[in-house]
2 protein chains.
Amino acid sequence: MSLRNAVLGFLALTPSTGYDLKSHFDGSVRQFWTADQAQIYRVLGQLVQDGLVTVEVIPQPDRPDRKVHHITAAGLAELDGWLASPLDAHTVREPFLLRLFFAGRLGAAGVIGLIDARAAAAEGQLAALTAVRAQQPNPADLERALRLATLDNGIRHTQTELDWLRDLRGTVTTTNTTSKEQER
Amino acid sequence: MSLRNAVLGFLALTPSTGYDLKSHFDGSVRQFWTADQAQIYRVLGQLVQDGLVTVEVIPQPDRPDRKVHHITAAGLAELDGWLASPLDAHTVREPFLLRLFFAGRLGAAGVIGLIDARAAAAEGQLAALTAVRAQQPNPADLERALRLATLDNGIRHTQTELDWLRDLRGTVTTTNTTSKEQER
DNA sequence: AGCCTATATATGTCAAGTCTTATATACGCG
DNA sequence: CGCGTATATAAGACTTGACATATATAGGCT
C-alpha cells in the first residue's frame, strides 16, 4: 500500500514513466524503501484505473513509447490524505537480531564472527552514506531539508549500530572469559 | 525463510507446540521479528515433512491435543548452518522515512505534526523497552547476554530516533522561518 | 563477434506473509 | 448471562513482493 503512495509522491514531484520511477526509487529512497520494477508498472496500472493518474504517450521511433504518467487532482488528494493520516505501528524486521538471539549455539568465537561481519557491512554503509551526504548542499527549502533528514537518519542509526556492536563485542569476550573461568 | 530458522531456533531451546511458539515470538522477539500464527503452523508442517522436526502428540481431554514439536539432529544441523551463513544485505523498510521524504507538501506545521506523532510513539516504545530491561538480571551466560543485547539494540536505536527527531524538529522550524523571510 | 548496459514496457509464476474463519472448552469480569 | 480471553490447531482467501522472462534497439567494452 505504501508503494502506491510513494509512486504518487514521486509523480507529484514530476511526471514520470515507470522506468523513471524505478530510477527514482533506486536513486533517492533506496536506503529505506525498495520497489520492484514489475510492481511499479502494476501499481501504475491501478492508479490509472482509479483515476489518480493519467497517461501521456510519447512515441519513440527506436524504443518502446514512453508512457509518461501525470498525477491528477484526485491523486494529489489521495497523496495528501496519506501524508496526513495517523502513523501505523510498523513491524520491524531485523534478521541480524533474530540470528543473534539464537547465536549462543555458535559459541563466543562464532558470535564474534557474526558481529564483525555485521560491523564490516555497517562500516561500508556508513562510508557510502557520508559520501553522499558530503555532496549535498545546504537545503534551501523544506522539501530538501526533509530529504536530507532521511539521509541523516540512516547515518545516525548506522553509527548507533556500530557503537552497539563495539560494546557487544566487548561483552561477549568478557562473558566468555567469565564462563570459562566458572568451568574450572 | 527466516521464520523457518527462527522456529528451529526456538525448538532448539525447548520443544514447543505451535501455540507455544506464537507466545515465544510475541514475548521475546516481537520488537524485531513478528510471526503470524497461521504461518507458524504451516512452517511446522514443512519442518516435519523435511525431517527437521518430530511431533509428539499429547492428548488432552477437554482441549485440542498438544502437538509438541521436537527438533531433530538434522534440524539442529540446519539451524547451525543458518547461524553461520554469510549475512545477506536485508532491505530496510521505514514507512515513516518514506512519508517524511514526500511530506514537504504538508507545510512546516504538518511536518511538525508528523514528527511529534513519531516522537510520541518512540517515547512510548522507549519506556516499554527500558521497563523490560530493568527487570533483566545480569546475564550469566552467552545466550542470555545475546538476548539482552537485542533488547539494548532496540533501546539505543529508539533513543537515536528520538535525538534525530528533536534535531529535525528544530531544523524544520528554522527552515520554515527562513523560507518565510525570503518570501517577504 | 559476443556480451553487458541503457532505454522502455509487460506478463507469468512463485513464495511469504496477513487476515479471517472454524472448532471446542473453560474461566473470569461486569 | 454474555463477552472477552486463554488454550490449541487448521484451512481458506487474499495481498505483496521477488524473480524470471519476453520484446526491441543502440552503444560501448573486451
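The sequence lines fix the lettering, A, B, ..., with proteins before strands; numbering per chain opens at 1.
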Is the ring centre of A:Phe32 less than 6.0 Å from the ring centre of B:Phe96? no
Between A:Arg66 and A:Asp20, is there a side-chain N and carboxylate O pair less than 4.0 Å apart? yes
For atom CG of B:Asp88 and atom C1' of D:dA18, their distance in whole Å: 14 Å
In whole angstroms, the gap separating P of C:dA6 from CG of A:Asp26 amounts to 11 Å
Is the number of heavy atoms from other residues, nucleotides or ligands under 6.0 Å of B:Arg144 CZ greater than 12? no
When you check the gap from the basic side-chain N to the acidic O, do B:Arg105 and A:Glu143 get nearer than 4.0 Å? no
Please determine if B:Arg30 and A:Glu94 form a salt bridge, counting it only when a charged side-chain N lies under 4.0 Å from a carboxylate O. no
Just the rounded figure in Å: distance from P of D:dA11 to CD of B:Gln46. 13 Å
B:Ser2 and A:Arg93: side chain donor to acceptor below 3.5 Å: no
Pair B:Glu56, B:His69: side-chain N/O donor-acceptor within cut-off below 3.5 Å: no
What are the residues of residues 6-24 of chain A, sorted by number, that bring a heavy atom to within less than 4.0 Å of DNA chain D? none
Whole-Å distance separating the CG atom of A:Asp65 from the C1' atom of C:dT7: 12 Å
B:Met1 CE to C:dC14 C1': how many Å, rounded? 12 Å
Expressed as a whole number of angstroms, how long is the span from A:Arg66:CZ to C:dT7:C1'? 9 Å
Separation of D:dT23 atom C1' from A:Lys67 atom NZ, nearest Å, is 14 Å
Can you check whether B:Gln60 has a side-chain N or O nearer than 4.0 Å to OP1 or OP2 of D:dT7? no
Polar atom pairs (N or O), protein with nucleotides 18-28 of chain C, under 3.5 Å:
residue : atom : partner : partner atom : Å
C:dT18  : O4   : B:Arg42 : NH2          : 2.8

Salt-bridge present (A:Arg156, A:Asp152; N to O < 4.0 Å): no
Phosphate oxygens OP1/OP2 of D:dT9: is one of them under 4.0 Å from a side-chain N or O of B:Tyr41? yes
Whole-Å distance, A:His69 NE2 to C:dA10 C1', equals 12 Å
Can you tell whether the side chains of B:Asp141 and B:Arg147 come within less than 4.0 Å, N to carboxylate O? no
